[in-house]
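Contents: one structure, followed by commentary.
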2 protein chains.
Amino acid sequence: MARPRAALRGQILNSALRLFAAHGFRATSLQDIASDAGCSKASLLYHFANKDAILTELLAPLRRRGSELRAELAPLTGEPLVRAAVTGFVDMALAFRYELTVLFHDLPGTTGHLAADPDHDLPLIASLAGRSDDPRDRAAAWLVLGGVAISAYAAPTTDAVLREELIRAALRALGHDPDRPPSS
Amino acid sequence: MARPRAALRGQILNSALRLFAAHGFRATSLQDIASDAGCSKASLLYHFANKDAILTELLAPLRRRGSELRAELAPLTGEPLVRAAVTGFVDMALAFRYELTVLFHDLPGTTGHLAADPDHDLPLIASLAGRSDDPRDRAAAWLVLGGVAISAYAAPTTDAVLREELIRAALRALGHDPDRPPSS
DNA sequence: ACAGTAACTGACCGATCGGACAGCTTTGAC
DNA sequence: GTCAAAGCTGTCCGATCGGTCAGTTACTGT
């Protein structure tokens, strides 16, 4: 019953992602993942060093996309920056909705204290706020960040309408007119 | 060392709220709470039937306020409804920021499936959307709901500026003009 | 002083979980 | 066919957790 390496490995990641998103990281045992993936718990630990390694590999694509987005936003300023940040983050949230669910649910050390470090504050927040230090712009940016993330997995659908309207609502919240495509 | 009943009980609730918000419900053991509250684990279970009972009592005020808000919004319609829903929810989120943190962090069965509970949270979504069934209004309502909740605990401050700007950003997201206090 | 009751505790228990390990089975190169 | 490596598993282990229970201490009414 020895499969090619990638097969079971991918199945484990699929099962883990679904179970982590549904019940949380801590609430999901290795046995739960193994049962869902159709293998033994020991087999999990053959493919992954430990439980955290599964989570790390699961969130790697999300982190990668986050880094890309950060790089894309770096040279921008003003309204084009905000628009790119909004569309980029909405698309990322929709593409990685389950991964975001896992992040929000069960990693207080990662998500809950994001803001506790004013210096290490999310670059994405800065971009959404148009690199403004005004607490009012920051508040709106936080609202958009959290709202989009929650909507991505809590809203019943993920079709094009949701994407479009999330972008529009986010731009309105940030004080930008959604119906003015070119720059200001 | 027998204190009046309310003393240690309140201390336990204080410790539990802080620890649950900081590390999550599951990640906080009864021993953690007992140590923080300055008593034994057995003493916890003298005052509370079990771990869930602590959580239930901890979230009771939040639930009560939610019911009140729902009742207040019931007779309203149109723009006054949306304004009342926004201000009511922002104030509730700021007043119960730690409780909301607990809810968001570690209760996928409660928070992750908010949308699956038509009785409890859909009324608030409906109110924020002005009782519209348009998916676009619903999307904006979801963004506001999640964004305010996240902002309440993730934003570094909870002063009047944050409150005011959360309300304004939420109203903008929902397509209403924050600078027009009277009804439409 | 004494009894009764409320508050509190140390010690213990069963269940569960993450992980280690030795060994079995399949695959593929020669 | 041979054999080494890769894939996989059953079983065991230590740690931790929620919860129980018998017993102790402190308070209060009489």
For atom CG of L8(B) and atom P of dA6(C), their distance in whole Å: 17 Å
R9(B) side chain to H47(B) backbone, donor-acceptor under 3.5 Å: yes
Listed nucleotide nearest any side-chain atom of Y46(A), set dA6(C), dT9(D), dG7(D): dG7(D)
Derivation of the side chain to side chain contact (heavy atoms under 4.5 Å, CB included) call for L143(A) and V148(B): CA-CA 6 Å; L143(A) 185 132; V148(B) 169; 3.7 Å; yes
Distance test, side-chain N/O of S43(B) to OP1/OP2 of dT9(C), below 4.0 Å: yes
Contact check, side chains of L145(B) and I150(A), non-hydrogen atoms, under 4.5 Å: no
Gap between atoms CD and P, on Q11(A) and dG7(D) respectively (whole Å): 17 Å
I'd like a list of close polar pairs between nucleotides 3-5 of chain D and the protein, N/O only, cut-off under 3.5 Å.
none

Nearest-angstrom distance from the residue atom NE2 of H47(B) to C1' of dT9(C): 12 Å
Nearest-Å distance for atom pair CD1/C1', residues I54(B) and dG19(D): 12 Å
Salt bridge (Lys or Arg N to Asp or Glu O under 4.0 Å) between E165(A) and R172(A), intermediate numbers included: CA-CA 10 Å; E165(A) 201 55 26; R172(A) 287 197 303 266; 3.8 Å; yes
Contact pattern, 5' to 3', of nucleotides 11-18 of chain D - B, S or - by protein heavy atom under 4.0 Å: ------SB
Pair R131(B)-D137(B), salt bridge (Lys or Arg N to Asp or Glu O under 4.0 Å): steps then yes or no: CA-CA 9 Å; R131(B) 296 200 223 289; D137(B) 295 325; over 6 Å; no
Length of the line joining L44(A):CG and dG10(D):C1', which is rounded to integer Å: 14 Å
Donor-acceptor contact present, side-chain R97(B) to main-chain S151(B), <3.5 Å: no
Main-chain N/O of S29(A) paired with D32(A) side-chain donor or acceptor, under 3.5 Å: yes
Flag if over 12 foreign heavy atoms under 6.0 Å of CZ, R65(A): yes
